[in-house]
Amino acid sequence: MRGNRKTMFAAAVLAVAAALMLGLWHFTRPQTQEGAKTVVVEVVHGDESAKEFTYHTDAEYLGEVLAAEELAAGEQGPYGLFITTVDGETAQEGLRQWWCVTKGGDQVDTGVDATPIADGDHFELTMSTY
């Protein structure tokens with residue numbers, strides 16, 4: 001009987017902790033902006049050449065824009081799109097390359113499918129080596 005109470009108590013504590021974490025995530029998640037907006041995506045290739053692409057969109061997330069405009073492609077993973085190719089250049093795993101996503105020069109903390117966009121945002125997709 002005593003072990004059963006401990007199990008029930010532990011389950012209740014776990015449920016409360018999960019509810020608190022879900023509530024915290026809900027109130028601190030990045031907010032999206034509805035409606036028409038203009039965003040700039042700058043691509044910095046492995047040879048350090050750069051191109052800017054300006055998009056007019058109603059999308060709320062960066063991944064939607066990249067897919068709709070066919071600027072980036074990759075593989076779907078647990079965090080959404082893992083970018084492997086941008087503007088025709090594919091990151092080479094053997095060379096330890098990857099595409100770094102930044103906004104105004106600061107690395108984003110979310111995958112592109114969860115990165116909200118707002119009017120006037122400037123994103124950078126930079127070929128990087130680790």
Side-chain angles (χ1 to χ4, degrees):
M1 191 66 107
R2 186 171 214 178
N4 197 16
R5 281 187 180 170
K6 286 183 179 180
T7 302
M8 296 273 291
F9 180 74
V13 168
L14 185 60
V16 168
L20 288 172
M21 290 178 71
L22 183 61
L24 179 64
W25 171 81
H26 179 73
F27 290 109
T28 61
R29 69 179 183 212
Q31 298 298 312
T32 61
Q33 178 185 28
E34 293 181 6
K37 54 193 90 56
T38 301
V39 296
V40 174
V41 179
E42 181 178 355
V43 177
V44 181
H45 288 275
D47 65 2
E48 298 184 9
S49 64
K51 288 185 190 176
E52 277 195 2
F53 299 86
T54 302
Y55 298 117
H56 306 282
T57 183
D58 289 332
E60 294 183 22
Y61 295 96
L62 180 59
E64 295 174 70
V65 175
L66 298 176
E69 300 296 336
E70 299 181 348
L71 181 62
E75 303 166 4
Q76 286 297 324
Y79 303 106
L81 179 66
F82 177 74
I83 298 173
T84 56
T85 303
V86 176
D87 191 32
E89 183 176 7
T90 301
Q92 302 298 315
E93 190 173 326
L95 298 176
R96 301 172 35 174
Q97 295 175 325
W98 61 288
W99 286 101
C100 179
V101 181
T102 54
K103 177 181 175 185
D106 296 322
Q107 194 161 351
V108 297
D109 294 332
T110 54
V112 293
D113 290 341
T115 300
I117 59 175
D119 189 41
D121 278 350
H122 185 278
F123 293 94
E124 304 86 24
L125 301 177
T126 305
M127 176 63 79
S128 301
T129 304
Y130 61 92

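Values below: every heavy atom of this structure, side chains too, minus hydrogens, waters and symmetry copies.
- Under the salt bridge (Lys or Arg N to Asp or Glu O under 4.0 Å) criterion, no residue pair touches residues 70-85, with sequence neighbours excluded.
- Atom CG of Leu66 is separated from atom CH2 of Trp99 by 11.5 Å, given to the nearest 0.5 angstrom.
- Remark: Glu42 engages Val44, Ala50, Glu52, His122, Glu124 in a side-chain contact (heavy atoms from CB on, under 4.5 Å) (not counting sequence neighbours).
- Remark: Tyr55 OH to Thr38 OG1 distance equals 12.5 Å, nearest 0.5 Å.
- Taking CG of Leu95 as the reference point, atom OH of Tyr130 lies at 10.0 Å (rounded to 0.5 Å).
- How far CG of Leu125 is from OG1 of Thr102: 7.5 Å, rounded to the nearest 0.5 Å.
- Taken from CD in Glu64 to OG1 in Thr115, the straight-line distance is 11.0 Å, to the nearest 0.5 Å.
- No donor-acceptor distance shorter than 3.5 angstrom exists from the side chain of Ser49 to the backbone of Asp47, with no hydrogens or angles considered.
- Here Leu14 sits alone; no ILVMFWY side chain lies under 4.5 Å from its own, so it joins no hydrophobic cluster.
- At most 12 non-hydrogen atoms from other residues, nucleotides or ligands lie less than 6.0 angstrom from CG of Asp109.
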Show me the donor-acceptor pairs, under 3.5 Å and distance only, between side chains in residues 77-85 and residues at least two apart or in other chains.
residue: Thr84; atom: OG1; partner: Ala73; partner atom: O; Å: 3.4
residue: Thr85; atom: OG1; partner: Thr90; partner atom: OG1; Å: 2.8

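- Applying the salt bridge (Lys or Arg N to Asp or Glu O under 4.0 Å) test to Lys103 and every residue at least two apart in sequence or in another chain returns Asp121.
- Applying the salt bridge (Lys or Arg N to Asp or Glu O under 4.0 Å) definition to pairs two or more places apart or across chains, those involving residues 77-88 are Lys51-Asp87.
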